[in-house]
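In the text below, chain A, chain B and the rest are named by the order of the sequence lines, each starting its count at 1.
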Amino acid sequence: MSQIFHHSTNTFARITIFGAIFVIAFLTWAFDELNRSAYETRATVPREQPVPFSHAHHAGGMGIDCRYCHTGVETSSFANIPPTKTCMNCHSQIWSTSPTLEPVRASFRTGDSILWTRVNDLPDFVYFNHSIHVNKGVGCEICHGRVDKMPLTWQEASLQMDWCLECHRHPERVLRPREFVTTMGYTPAGDQEEIGRRLMNEYHIRSTRELTSCSTCHR
Amino acid sequence: MIAKPIYGVTAEFDNPTTLVNAARAAREKGYRKMEAYSPFPIEELNEVLHLHKNKLPLIVLLGGITGGLTGYLLQYYITVWNFPINVGGRPLHSWPAYIIITFEMTILFAAISAVLGLLALCGLPMPYHPMFNVPRFATASRNRFFLCIEAADPLFDHDKTPEFLETLEPKEVSEVAH
Amino acid sequence: MPSERKKLDLAAVRALLNGKTNGRDYWRNLEDLASTPEFEELMEREFPRQAIGWSEDEDSVEGRRNFLKMMGASLALAGLTACTRQPTEHIAPYVRQPEELVPGRPLFYATATTLNGVATGVLAESHEGRPTKIEGNPEHPGSLGAADAFMQASVLTMYDPDRSKTLSYNGEIRGWGDFFSTLGEILAVQRTKSGAGIRILTETITSPTMANQIAAIQKLYPAAKFHQWEPAGTHSARAGATQAFGQPVNTYYDLSKANVIVALDSDFLASGHGSLRYARQFSARRRVQGGQTSMNRLYAVEPLPSSTGARADHRLPLRANDIEEFAWALATNLKVANGPTKGENWDIYKWIPGIGKDLQQNAGASLVIAGDYQPPIVHALAHAMNEKLGNVGKTVFYTDPLEVNAQDQLASLQDLVKDLDAGAVDLLLILGGNPAFNAPVELGMGDRLQKAHMRAHLSLYDDETSEICQWRLPETHYLETWGDARAFDGTVTLQQPLIQPLYEGRSALQLLQMLTVDPEASPYAIVKGYWGSQHKGADFENWWRKSVHDGLIADSALPTKTPALHGGAISSPSEKPKMAGKLEVIFRPDPSIYDGRFANNGWLQELPKPVTKITWDNAAIMSPATAHQLGVLKETLNAGDEGVPMVELNYRGRTIKAPVWAQPGQVDGCVVLHLGYGRTRAGRTGTGMGFNPYGFRTANALWHDVGLIAKQTSGSYEIATTQNDHVLDTRRQIIQSGTLAEYLKDPESIRAGAEGPPRGLTMYPEWKYEGYAWGMAIDLNACTGCSACIAACQAENNIAVVGKDQVRRGRAMHWLRVDSYYHGGVNNPEIHNQPVPCMQCENAPCELVCPVQATNHSAEGLNDMVYNRCVGTRYCSNNCPYKVRRFNFYLFSDYETPSLKLLHNPDVTVRSRGVMEKCTYCVQRINHAKIEAEKEGRTVREGEIQTACQATCPTEAIVFGDTNDPNSRVSKMKAEKLNYGLLADLNTRPRTTYLASLRNPNPELEA
Amino acid sequence: MPDETQIAEPRPNEIIAPGYTFGTVTDQIASVVLTGKTPGFWLAAFTIGFALLMLFLLSVAVLLAKGVGVWGIRTPVMWGFAITNFVWWIGIGHAGTLISAILLLLNQRWRNSINRFAEAMTLFAVACAGMFPLLHLGRPWLFYWLFPYPNTMNVQPQFRSPLVWDVFAVSTYATVSLLFWYVGLMPDLATLRDRTQSRFARFAYGILAMGWRGSARHWSVYETASLLLAGLATPLVLSVHTVVSFDFTIAIVPGWHSTFFPPYFVAGAIYSGFAMVLALAIPLRSVYGLQGLITDKHLDNCGKVMLATGLIVAYAYILETFTAWYSGNVFEEAAIWHRMTGPYAVAYWALLTCNIVAPQFLWIRKVRNTPVLLFIASIVVLIGMWLERFVIIVSSLAQDFLPSSWGIFQATRWDWATYVGTIGLFLFLFFAFIRLLPMISIFEVRTLLPQAKVEEEVRS
């Protein structure tokens, strides 16, 4: 009987068998990474908008308060995208001829809405309520990041469930006094954890068990 | 002239008894680095060639323990630490419910380590082996029995060893090239 | 059929007829009673084929949704990979945002829905301008916060994709302008002959504004005639009043003051004007809680079991004819008439003395109610008795009629027919209604109407009547336009729109306006204008705004009056028609689609009819004994699993084939046919469902008549019921009930045997529920089984309609169901209704077996269901002893139809295929209330959260709240001795518990 | 150069016919695989298997396109054929492991000639079984949620659920059986490697044999390994059907909620497993003329095992009824009563006949030694065991606590298609195996030969 295989196959064969374990481990890791990647979540990717609206300019530069436009944020689940009217309040006077703002004026003339692209988009089975978060001292910044530094708006966080859970499990790490909710670049006056715990009592933040119950977010 | 290095010399037998006897003889003669080949397990060879001990049981035991621990701790971590949820009013740490998976994981790990251990201890996979150079070695998986004294053996001698094998009434003696 | 089969029938039937039930044995249907050896044999012979047999080809019946399902499948499969990214979505903000509107927060507006022209006030919930849900209007006397199934489902009608969308002339699309000009030409001609050729046919009208329009029009066209036709109208009540008082009056009742009530074939708890109010008052008097130890007493005589009959303390099944005799006998006993004191129907005369005595003892606090479907004389007798008992002004009230120029609608219709035949009708405006379908058959309206030269039909649907009219005018839904109408007591209820008309619709108001001097006025202008002219006193604007806000005009109820009973109102009883071996036929509006107007409403079609639990169909309902005489009993034993037999009905020379439904508790010798089915042009949902009893209904026998011949015929028919019929052994402790006397003697006795194991008795540590602990209590003593809760649940929770075939396959999706159980002989069993939502067990069996944690417990003790986590093993449903979980076997939710998308409640996930779903105590409402409370830094107030079923329940049978708060209503109810948990001995610790039901029988009749 | 010796008829009580030599044994078994021409029987069986497999694929396609609604399941019977088939197939698998592992530990040498295809049967049965838990999901594409893995939801399986136990038990079972089977194959793969003529086959078998040389060192480790694996497989196989039975016992459904299900199910599993072994062995040995290797003695033994397990199962049925009555629990009583008299009565009595009455004939040696009768008996038992699972699952669900929600399960065409389809899958795999791998363990049969004994001669 003559040899079927070349000498080298021995080493090769062993590598394939014992290497398999590492390959599987690597694939699992890679899969998980992909699921958390910006490709998957689209976090930090600026979105195309009909009008290149710059939060950096309006919120950052001119220091307009978030609530001037996002009127629903304290009262409703939906923070509200401002009606064209709100834009026109100012832009009927300033930049009233700038071509980039034409879509806005057009909308105001025709009465057709401006079709903005959603930036922070949760799945339909998640019921997020802005008002309760804002009223309990969760700053805009916490989820939306430094909007005042975004020329074109992007989604800051992954918006994935485990990201939500981080705060729902440890509210003390993010809570801030109500008055600072819309502040950008807020720095706690002292130890955040300590302040957070104090605010949790003050604002009667519910227990972690309650905050992590499924029906808190899913119905 | 110096013959080119070979793997060893092999003798072919046609029944287990002669093989066992031959092996015993060779060992008595002082040969150590030798190997017997047969189409089925022959217990006698184990004691003749002193093959009693192997580490497999230990490997399997360790594998089993690892599996068991993995199984239980996984469940404990997930239900008690990672995301404690009230399921049907049962306690978070419902250990009786965890027994099954713990058990299954034990078996799984043990079995896998048994097989990997087997391969490791047999030095498998080894698709290439000098013995395969012997033309009639194909019959070793059918009805023939081989005894091979390897060149690596200190007593090995290019001429004497084959002669010695001839004395064990083999069917045939042949060299095993590298 | 083979003789041996006959034998089986006999055995079975004998078993049922003598109603031999061991002890407190409940049973759900005939099959249960037929537990004879022969029957077992029968079962063995019948079932195996089904058990492991081929089921009939489903693909053939899947129907139009098939495509959508496939679509859904492909969508679902798209989610296969883990790395699917969210599709990019867009936001279209307002251009000019209305200031009262905060996107994301629903608004509620008061408006009015009408049935038979009579209004009930409702609140409509609006999400960013889309009405999604109807609630009762607490301010409104006719609602008191409750709403019935029709109202709940009306919102679906508005979004119905089958509504007639465009105006057409002989099938060609036209605009309103075209119609208006054509109308103009005709009117020009008519003006010359003072409108002699104008006929306007409407449904019952109670709208003051419309009355005003009509008056105006009649000024312009004195010779024009107005006709009204209401197929299920209160014709005999009107006639009865005229007979008694010489004038039509409107009658309504106050049951809160009535200790003894006699219902003469009246289903006052579940149908008719004011029934919501009556149900509320009635059940309040039966709530033996919080110290109240007295109950009112209800005697009901009726041919087929109704919701009212189910609640009666004494129920006597009588043929519709015999009820007249009963009325005479009772009246005679009360000395207001001299009728018979004995007759061959022994039951009647056995009852009379007892009832009579009871009534007299409660003179002034008693009440005799005549059913709308009983002949005038019964009403007259009832009026007489109430007067004699001094109930007038105490429990019974009279006002002027609600409707505009109250006329005998039949006469008016026949008058119209005469003119049509005479060819005197140039212009026939049919405003709403469907006379071609539902007018008395011998009038042959379908053909007659075509004798009018110009016919225009204004209606929500392109229906049977539209078909024969040149002009088909789309009508606006009540949520799309302004209007007004009177409630049961005359209170003017304002109807305000929540949304611009979805299609080109216009309202009847607008159409009538076209005949006036100011044809183009907007509905708002018309209504407001009229009330502006009516309003006395200053500051009309504020008054108007308040009225619109409240949804009604304050103190606009018609003044009550006490008309005198004129002599000779009650002569002597007429000769009763002889049965002569024939059957009595009884016509009734269908419990779920009424006179047929709701035929295309999937929610109502699929709503299990009270007691029978039939969906999507009507049937020839008869008593088991009658069915047996016709030789069509046996096969109905397992209705729902296999076809029921057909009978050929023959009446006055006309013939209909109908499936048989044998109904325990129905009187022998009569067949009940529910109207409204057999539509030929209802829309994709309603067309071709059931058979059409209007084909039998003649002007001189609108409600019942003797002379029906039924005989068995070939073929069988598949009826979809939501509950199959099986024996229920009382040892199962499902329904606890007893009499008031027993309860007062020994309060614990009623729930004896239904206690759960003691809480301490467990190896597990207790889960503590700090904060809220939501719970529910359902008062079986109050529930009438009206099923409004089911409809409300369906609307609130985006519950899908699955269609007849799927219902038949046991795949109905209702989260909340109303089980009905019978107890006692099949001739006249006690009927118990039991609403069954999710029990939210603290030791939930379903949670334990879910492999993916898709269902588990919230910190407040809710049994959460996470749809997006569910993989659909269905193990939870198997392990749910209450079987309240519902599974999406296909893609049942409609993601495709645009208008139906608008209907969805945005706060509830629309469940996809392959996902389990169930009641969660309307967790979206809980969360909303909690968040509002949190923002105000307080805890949720008692009563702040109302589940959909609770909010709509006319009898307040369902109470939800925080069981950790000892003062909450729910805690108090759970503390009652009547409180028990369903299947409590399984130690599931249900958060939903029941209060046992009590009867208050008259000892004299018990003997 | 095969040495041709005439093989005599095996005498009764012999597990191998006299006259076999190492060579002839090897040749006969290997020839089934290495021969150029395939018998018509094989072609026929394989074709049927393939056709049914296509049917299976069709029904799966329909299922995925439309949803589980194409099956007859409904409220309250949410599990129908799918789970029935799952339990049935898993049960059948058990015989293989039992023969290869338990009988090995018990040193039952007759197993040597039947363990190989029995194990193969196990693997393929498990494969078929594995289909159903997956397919019966409402959203099959999310099956991986039943495994713990790092995910962005931070949600993991619910380890109290028997279904998760199933996932672990069955996957472990599949893996271990596969390993065990493969290890057993290695020496025979070497044989094939050394005997085949075609280059490709040599390469393929060569790879799979991993260079097995049959050296004494190999053999000694090998023996230890197979003993250890047997030792592991034994408790495993018992655990698997125990866990499967937990699917029912953990639930509170009357007729399911019972503590003696585990032994009852395991016995039933072995029962049906051996039935399947016979159903396969009897035709195979006559087609391939293997009566010399799979002797009447083997059939006789299998028959005895069936009889024994059959009696255990019978006992379980009686006990089930007794406890239901003795418990005095109204729901349990009703469940059994419905089973006997209700919609599924026929199925129930049929299964009693198949599983209790039929096997009693196995008391008779004559029957055990008549292959045809044995074959019939085993088919009857297979049917009976399927019915048993069907009745347990469906009749219990159809009529449980609240009569208002009782309902009858009606199987649809797709229920049947899926079931028959997996039988196709099984046949397909099994006959592919017959053609490609030795259906009898060659080296283990060699050890059965008298020549395999080493005569010790005293040498000084």
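- Heavy-atom minimum distance, D:Ser161 versus C:Cys850: CB-O, 3.5 Å.
- Heavy atoms of D:Asp247 lying under 4.5 Å from chain C belong to its backbone as well as its side chain.
- Taking CZ of D:Phe401 as the start and CG of C:Leu986 as the end, the distance is 4.5 Å to the nearest 0.5 Å.
- C:Tyr875 is listed as a side-chain neighbour of D:Pro162, based on a closest heavy-atom distance under 4.5 Å.
- D:Thr412 contributes atom OG1, which lies 8.0 Å from atom CZ of C:Arg809 (distance to the nearest 0.5 angstrom).
- Residue C:Asp985 touches chain D through its side chain alone, counting heavy-atom pairs closer than 4.5 Å.
- Shown here is D:Tyr326, whose OH atom has no more than 12 heavy atoms of other residues, nucleotides or ligands within 6.0 Å.
- D:Leu64 and C:Arg913 get closest at one heavy-atom pair: O-NH2, 2.8 Å.
- The side-chain contact (heavy atoms from CB on, under 4.5 Å) test applied to D:Ser396 returns D:Val253, D:Trp256, D:Arg339, not counting sequence neighbours.
- Nearest heavy atom pair, residue D:Gly138 against residue C:Phe887, reads CA-CZ, 3.8 Å.
- Going from atom CD1 of D:Ile250 over to atom CG of C:Asn879 covers 9.5 Å, rounded to the nearest 0.5 Å.
- The nearest pair of heavy atoms linking D:Ser404 to C:Asp819 is OG-OD2, 2.6 Å.
- If you tally non-hydrogen atom pairs under 4.5 Å between each of C:Ala812, C:Pro845, C:Pro851 and chain D, the highest count goes to C:Pro851.
- For D:Phe246, the part lying near chain C is the backbone, with the side chain staying farther off; criterion is any non-hydrogen pair under 4.5 Å.
- Inter-residue side-chain proximity for C:Ile734 and D:Pro403 is flagged as met; some heavy-atom pair is nearer than 4.5 Å.
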**Prompt:** What's the verdict on side-chain contact (heavy atoms from CB on, under 4.5 Å) for D:Val70 and C:Phe889, showing C-alpha distance, side-chain angles and the deciding distance?
**Reply:** CA-CA 8 Å; D:Val70 297; C:Phe889 288 90; over 6 Å; no

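- When heavy atoms are compared at a cutoff of 4.5 Å, D:Ile393 does not approach chain C at all.
- Note on D:Val167, D:Val164, D:Ile252: by heavy-atom pairs under 4.5 Å with chain C, the leading option is D:Ile252.
- D:Leu402 CG to C:Arg732 CZ: the interatomic distance, rounded to the nearest 0.5 Å, is 8.5 Å.
- Note on C:Thr988, C:Asn878, C:Val852, C:Val849: by heavy-atom pairs under 4.5 Å with chain D, the leading option is C:Asn878.
- Residue contact with chain D, scored on non-hydrogen atoms closer than 4.5 Å, is absent for C:Asn987.
- Applying the side chain to side chain donor-acceptor pair (under 3.5 Å) test to residues at least two apart or on different chains, the pairs with a partner in residues 843-854 of chain C are C:Glu847-C:His857, C:Glu847-C:Asn863.
- The candidate from C:Arg817, C:Arg869, C:Lys883 with the greatest count of non-hydrogen atom pairs under 4.5 Å with chain D is C:Arg869.
- Residues C:Gly810 and D:Arg74 share a closest heavy-atom pair of CA-NH2, 3.5 Å.
- The nearest pair of heavy atoms linking D:Gln158 to C:Leu848 is NE2-O, 2.8 Å.
- Contact of D:Ile83 with chain C is not made at all, since no heavy-atom distance falls under 4.5 Å.
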**Message:** Applying side-chain contact (heavy atoms from CB on, under 4.5 Å) to C:Arg874 and D:Val68, what does each step give before you reach the verdict?
**Reply:** CA-CA 11 Å; C:Arg874 306 182 299 283; D:Val68 286; 4.1 Å; yes

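- Only the backbone of D:Phe248 comes within less than 4.5 Å of a heavy atom of chain C; no side-chain atom from C-beta onward does.
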